[in-house]
2 protein chains.
Amino acid sequence: MNLSPKIESFVMHCGEMGSRWGFNRTIGQIMGLLVMSEKPLSANEIGETLSISRGNVSMGIKELQSWRLVSTQHIAGDRKDYYLPAGSIWELANRVFEERSKREVDPTLSLLRDALLDDPANAQEAYAHQRMDEIHQLLETLTKWTAELQSISPEKLTTLMKLGSGVVRILDLKDRIVKTGSAD
Amino acid sequence: MNLSPKIESFVMHCGEMGSRWGFNRTIGQIMGLLVMSEKPLSANEIGETLSISRGNVSMGIKELQSWRLVSTQHIAGDRKDYYLPAGSIWELANRVFEERSKREVDPTLSLLRDALLDDPANAQEAYAHQRMDEIHQLLETLTKWTAELQSISPEKLTTLMKLGSGVVRILDLKDRIVKTGSAD
DNA sequence: CTAAAGTTTCAATAATTTCTGAACGTTTAA
DNA sequence: TTAAACGTTCAGAAATTATTGAAACTTTAG
């Protein structure tokens, strides 16, 4: 497939950013290409367009599927697999977020939980223990929060984001209401 | 310096996670070590404790300083530089967040802004243009939002996070109030 | 000024990650 | 049953990234 220069530069950019986003160059490129493509693409089309080997396309797609970012589509009377993004931009971003949190935060959280189980044995450990506890609390709060945000509908979430720091004013508002009348 | 097994395993974990968090193994270890240490450490102490070369310590510290995660302290009558975390756990997490957003989002945002300037030249570009616009909007909203959250005091932010998806109820509350009485 | 104590830089090397392509597996049309 | 069309795997090669250590640089005490 032939890409217009503007699309090509976007796809290549996705490649360059790939490793920063948690995967590698090829995988970034494949994802960029699929998002920019109106119709699903076969492994062959992907490989030719990006000049990468059959094997690499296969591995890349597999990885993207493990991130739940790509789905497979079949066309009647055609034995090829066709690939397309597994949802809207919004959903994709969400998945990247979830998946990264799983890989970047969960292991640390579980290490910290273990480490905090038994009491510090000396002054050095006491200090470290305290620090680990802070990190643990921070990560817990953050994890819970993002999990809850995921459960909010995109529309509400957009409203919330547009509100920005204005949300503080509303928190104050709530405090006033709670103080002057209704129970919490 | 000699680390107790529990602290050592935490520091090593920071090393393993390092690359997922946006830096490399050594840098993760150095940061972990500094956070766990009650007193500032010299380059020598860091290198010995982690068994890494002088040069590597120097480069690692430099990188951590570029992330604004480590500060230098001097002790009267001592020519060595001593290093310590540049703030509370909370502040550190914030910096990592900001810094990563700068590296992971900003370049894409600027590419998209450029790409969206001129009109699509054909059907393929028209579709891609639309997709880029969606991504652009998403990233803009997200960037603005996180920037605003940064401006909220840690206490308020904690309240907000603890509230979780309960924040939606408050949004509804606000809507009711606005509708029935005061102007926005 | 000189030497000692420290830090930084960077070319060479080591370690790790990614990519290729050939071999193998599977499905289906004939 | 065969062979063509496709997907997958994985050992080795290529590319990239991290690390070392020696040389250069900086600061300061004497």
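Naming: A, B, ... by sequence-line order, numbering from 1 per chain. Just so it is clear, the structure is predicted and the values come from calculations on it, not from any experiment.
Checking the phosphate oxygens (OP1, OP2) of D:dG7, no side-chain nitrogen or oxygen of A:K62 falls inside 4.0 Å.
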I'd like a table of atom pairs between the protein and nucleotides 21-30 of chain C - only N or O on both sides, under 3.5 Å - with the distance next to each one.
unit_1, atom_1, unit_2, atom_2, d
C:dT27, O2, A:R79, NH2, 2.7

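B:I7 has its side chain out of reach of B:L33: every pair of non-hydrogen atoms, C-beta onward, lies at least 4.5 Å apart.
Geometrically, A:R103 engages A:W67 in a cation-pi contact, judged by NZ or CZ lying under 6.0 Å from the ring centre and within 45° of the ring axis.
Within the 3.5 Å criterion, the main-chain N or O of B:R54 finds no donor-acceptor partner in the side chain of B:S58. No donor-acceptor pair closer than 3.5 Å links the side chain of B:E45 to the backbone N or O of B:L41. Here the side chain of A:K39 pairs no donor or acceptor atom with the backbone of A:L84 at under 3.5 angstrom.
D:dT9 atom C1' lies 15 Å from atom CD of A:E63, rounded to whole Å. Straight-line distance from the CD atom of A:Q65 to the C1' atom of D:dT8: 12 Å, rounded to whole Å. Distance, B:Y83 OH to C:dG6 P: 12 Å, rounded to whole Å. Rounded to whole Å, atom C1' of C:dT8 lies 15 Å from atom CD1 of B:I52. Atom pair A:I61:CD1 and D:dC6:C1' shows a separation of 14 Å (rounding to whole Å applied). If you measure from atom NZ of B:K80 to atom P of C:dT8, you get 14 Å, rounded to the nearest angstrom. Atom-to-atom, CD1 of A:I30 to P of D:dG7 comes out at 13 Å; the value is rounded to the nearest Å. Rounded to whole Å, atom C1' of D:dC6 lies 11 Å from atom NE2 of A:H74.
Residues from residues 18-26 of chain B with heavy atoms under 4.0 angstrom of DNA chain D, sorted by number: B:N24, B:R25, B:T26. Within residues 35-47 of chain A, no residue places a heavy atom under 4.0 Å from DNA chain C.
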Exercise for review: Report the C-alpha separation of A:R95 and A:E98 in whole Å, then their side-chain angles, then the decisive distance to 0.1 Å, and conclude whether the salt bridge (Lys or Arg N to Asp or Glu O under 4.0 Å) test is met.
Suggested key: CA-CA 5 Å; A:R95 303 259 172 73; A:E98 274 180 70; 5.2 Å; no
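No hydrogens or angles considered: nothing links the side chains of B:T158 and B:E155 as a donor-acceptor pair under 3.5 Å.
Residues satisfying the side-chain hydrogen bond (donor to acceptor under 3.5 Å, both in side chains) criterion with A:T49, sequence neighbours excluded, are absent altogether. Residues forming a side chain to side chain contact (heavy atoms under 4.5 Å, CB included) with A:E134 (at least two apart in sequence, or on another chain): A:R131, B:I89.
Checking each of A:H13, A:E16, A:M12 against A:Q29 for a side chain to side chain contact (heavy atoms under 4.5 Å, CB included) leaves exactly one that passes, namely A:M12.
Judged as a salt bridge (Lys or Arg N to Asp or Glu O under 4.0 Å), the pairs with a partner in residues 137-151 of chain A (not counting sequence neighbours) are, in order, A:R113-A:E140.
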